[in-house]
Amino acid sequence: MKYFKYLFIGILFGIIMTKSEAISWYRIQEMFRFQSFHMYGIIASALGIGVVLTQFIKRIQLKSLNGEVIEFNPKEMSIPRYLLGGIVFGLGWALSGACPGPMFTLVGNGYSVILVAIGSAILGTFVYGLVRDRLPH
Amino acid sequence: MIEFVSQAWPWYVSGPLIAMIMFLLLWAGGNFGVSSNLRTLCAIGGAGRKSKFFDFKWKDQIWNLVFVIGAIIGGFIATHSLSSGVPLQISQNTISDLSDLNIGFQGGLVPEEFFTWSSLASIRGFLVLIVGGFLVGFGARWAGGCTSGHAISGLSNLQLPSLIAVIGFFIGGLIMTFLFFPIIFN
């Protein structure tokens with residue numbers, strides 16, 4: 001089954017998110033208050049390794065399991081889109097204490113009410129789709 | 001081994017493992033971007049009839065939905081089989097700052113007062129879950145990605161748009177924490 005590998009990677013991701021405590025509302029507050037290195041360490045070390053892996057993939061033109069060379073689609077340059085969209089996202093990240101990955105992981109951790117936040121995030125995405133032509137990009 | 005795994009994992013273990021997740025997804029033929037699933041779910045729900053933004057071949061994105069189903073299962077496994085039961089080791093300063101905002105800390109991952117169904121009836125619970133969730137969904141799509149897509153995938157590929165987005169994430173997070181929290185929670 002071609003989706004099985006994604007299920008497996010997802011399970012690993014859920015375990016890592018939980019054990020790293022990156023799904024914790026308190027950890028996100030601690031980060032935005034600059035009171036612990038924990039979240040910064042996670043992001044910085046993920047990035048350090050991530051840059052090396054990405055360069056490695058590009059240099060050797062690594063092929064995915066489908067047999068196609070892995071390609072990266074560069075995002076179109078803009079300032080308002082990323083800055084303003086990013087600020088709105090950041091407001092929500094600090095308030096809900098969870099970005100999308102942790103939201104899903106929290107469901108498995110037994111906090112079923114986070115499904116309401118996921119539903120609300122889907123609604124937010126939908127409303128963006130309705131008004132996006134009127135927003136700066 | 002199980003004892004070791006059951007502790008909270010330090011940042012220098014967690015961060016590289018997250019990079020490994022990004023690599024595995026690329027290798028499998030996908031990419032690491034969780035918020036795209038929110039758009040896919042809109043498309044499955046028929047939002048393509050309301051906006052062209054949701055009119056795309058969502059079946060190509062099923063792999064990503066399977067990935068987040070995995071994340072839910074992973075969260076379940078971690079909390080039921082790999083948990084030490086040790087309270088969260090959070091900074092005393094954070095506990096004290098939050099206590100000034102009448103937000104308690106009982107050692108759990110999240111404040112129980114916001115993350116129960118009954119909390120939805122309170123103004124604070126409504127704001128945290130419903131308004132917070134809405135802003136995350138709206139902002140992620142406007143910015144073209146969330147923490148996984150921009151802060152990990154995009155920055156790993158040294159993309160300037162992702163750096164701008166991540167700066168935006170922090171501006172928004174700091175405004176919420178230092179300007180809005182005192183208003184909302186006092």
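It should be emphasised that the depicted structure is a prediction, and the values quoted were computed from it without experimental measurement. Numbered from 1 within each chain, the chains take letters A, B, ... in sequence-line order.
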*N-O pairing of B:Lys52 and B:Asp55 below 4.0 Å*: no
*What part of A:Phe4 gets closer than 4.5 Å to chain B, counting heavy atoms only: side chain, backbone, both or neither?*
neither
*CZ/A:Phe34 to OG1/B:Thr177 distance, rounded to the nearest 0.5 angstrom?*
9.0 Å
*Heavy-atom contact with chain B under 4.5 Å, split by part of A:Arg33*: both
*Toward chain B, the part of A:Ala44 with a non-hydrogen atom under 4.5 Å*: neither
*Under 4.5 Å from any heavy atom of chain B - which part of A:Ile57*: side chain
_Heavy-atom pairs under 4.5 Å with chain B: which of A:Ser36, A:Gly108, A:Ser78, A:Gly92 has the most?_
A:Gly108
*Quick one: what part of B:Leu24 sits under 4.5 Å from any heavy atom of chain A, side chain, backbone, both or neither?*
both
*Student check: side-chain heavy atoms of B:Ile62 and B:Val66 closer than 4.5 Å*: yes
*To the nearest 0.5 angstrom, please state how far the OG1 atom of B:Thr40 sits from the CH2 atom of B:Trp58.*
9.5 Å
*Atom group of A:Lys19 that falls short of 4.5 Å from chain B, counting heavy atoms*: both
*Residue, of A:Lys63, A:Arg81, A:Arg27, A:Glu68, that accumulates the most heavy atom pairs under 4.5 Å with chain B*: A:Arg81
_Part of A:Glu76 within contact of chain B (heavy atom distance under 4.5 Å)_ = backbone
_Please classify the contact of B:Ile77 with chain A as side chain, backbone, both or neither, using a heavy-atom distance under 4.5 Å._
side chain
*Heavy-atom check, side chain of A:Leu91 versus side chain of B:Phe180, under 4.5 Å*: yes
*Among the options A:Leu84, A:Val131, A:Ile43, pick out the one with the most heavy-atom pairs lying under 4.5 Å from chain B.*
A:Leu84
*Tell me, side chain or backbone of A:Met17 under 4.5 Å from chain B's heavy atoms, or both, or neither?*
side chain
*Tell me whether the centres of the aromatic rings in A:Phe32 and B:Phe170 are closer together than 6.0 Å.*
yes
*asked:* When you compare the side chain of B:Ile164 with that of A:Leu83, does any pair of heavy atoms fall below 4.5 Å?
replied: yes
_If you count heavy-atom pairs within less than 4.5 Å of chain A, which of B:Thr147, B:Ile167, B:Ile18 leads?_
B:Thr147
*Are the aromatic ring centres of A:Tyr6 and B:Phe67 under 6.0 angstrom apart?*
no
*asked:* Would you say that B:Ser156 contacts A:Leu53 through its side chain, given a criterion of any heavy-atom pair below 4.5 Å between the two side chains?
replied: no
*Do you know the tightest heavy-atom contact between A:Glu30 and B:Ser91?*
OE2-N, 2.7 Å
*With a 4.5 angstrom heavy-atom cut-off, could you sort out which part of B:Leu101 is near chain A: side chain, backbone, both or neither?*
side chain
*Just how far is it from atom CZ of B:Phe105 to atom CG of B:Leu88, taken to the nearest 0.5 Å?*
4.5 Å
*Taking B:Thr79, B:Leu129, B:Leu109, B:Val34 one by one, which has the highest count of heavy-atom pairs under 4.5 Å against chain A?*
B:Leu109
*Interatomic distance, A:Tyr3 atom OH to B:Leu65 atom CG [nearest 0.5 angstrom]*: 9.0 Å
*Which bit of A:Lys2 is near chain B, if near means a heavy-atom gap under 4.5 Å: side chain, backbone, both or neither?*
neither
_Heavy-atom proximity to chain A below 4.5 Å, by part of B:Ser148_ = neither
*Please flag which part of A:Phe8 lies under 4.5 Å from any non-hydrogen atom of chain B: side chain, backbone, both or neither.*
neither
*Does any heavy atom of chain A fall under 4.5 Å from the side chain of B:Leu98, the backbone, both, or neither of them?*
side chain
_Side chain / backbone / both / neither for A:Leu62 at chain B, heavy atoms under 4.5 Å_ = side chain
_Charged N-O contact under 4.0 Å between B:Arg124 and B:Glu113_ = yes
*Would you check if B:Leu120 and B:Phe126 make a side-chain contact, meaning some heavy-atom pair closer than 4.5 Å?*
no
*Which one of B:Ile152, B:Ile69, B:Thr116 has the most heavy-atom pairs closer than 4.5 Å to chain A?*
B:Thr116
*Relative to chain A, which segment of B:Ile103 carries a heavy atom at a distance below 4.5 Å: side chain, backbone, both, or neither?*
side chain
*Is atom CD1 of A:Ile79 surrounded by more than 12 heavy atoms (other residues, nucleotides or ligands) closer than 6.0 Å?*
no
*When heavy-atom pairs shorter than 4.5 Å are enumerated against chain B, which of A:Gly119, A:Cys99, A:Ser96, A:Gly97 gives the highest number?*
A:Ser96
*Heavy-atom proximity to chain A below 4.5 Å, by part of B:Gln7*: backbone
*Tell me, please, whether A:Phe89 has B:Arg141 positioned over its six-membered ring: NZ or CZ under 6.0 Å from the ring centre and within 45 degrees of its axis?*
no
*asked:* Need one label for A:Met39: side chain, backbone, both or neither, based on atoms under 4.5 Å from any heavy atom in chain B.
replied: neither
*Between chain A and each of B:Leu41, B:Ile171, B:Ile73, B:Leu26, count heavy-atom pairs under 4.5 Å; write down the option with the most.*
B:Leu26
_Selection from A:His137, A:Gln29, A:Lys5 maximising heavy-atom pairs under 4.5 Å formed with chain B_ = A:Gln29
*Are any of the side-chain heavy atoms of A:Phe126 and B:Lys50 separated by less than 4.5 Å?*
yes
_Between B:Phe54 and chain A, with a heavy-atom cut-off of 4.5 Å, which part of the residue counts as in contact: side chain, backbone, both or neither?_
side chain
_Let's test your reading of the structure: which of B:Ala78, B:Gly173, B:Ala19, B:Ser14 forms the most heavy-atom pairs below 4.5 Å with chain A?_
B:Gly173
_Between A:Val107, A:Leu47, A:Ile49, A:Ile70, the one whose heavy-atom pairs under 4.5 Å with chain B are most numerous_ = A:Leu47
_Under 4.5 Å from any heavy atom of chain B, what part of A:Val52 do you find: side chain, backbone, both or neither?_
neither
*Flag the one option from B:Phe53, B:Phe76, B:Phe114 with the top tally of heavy-atom pairs under 4.5 Å to chain A.*
B:Phe53
*Are A:Thr18 and A:Asn109 close enough that a side-chain donor and a side-chain acceptor fall under 3.5 Å?*
yes
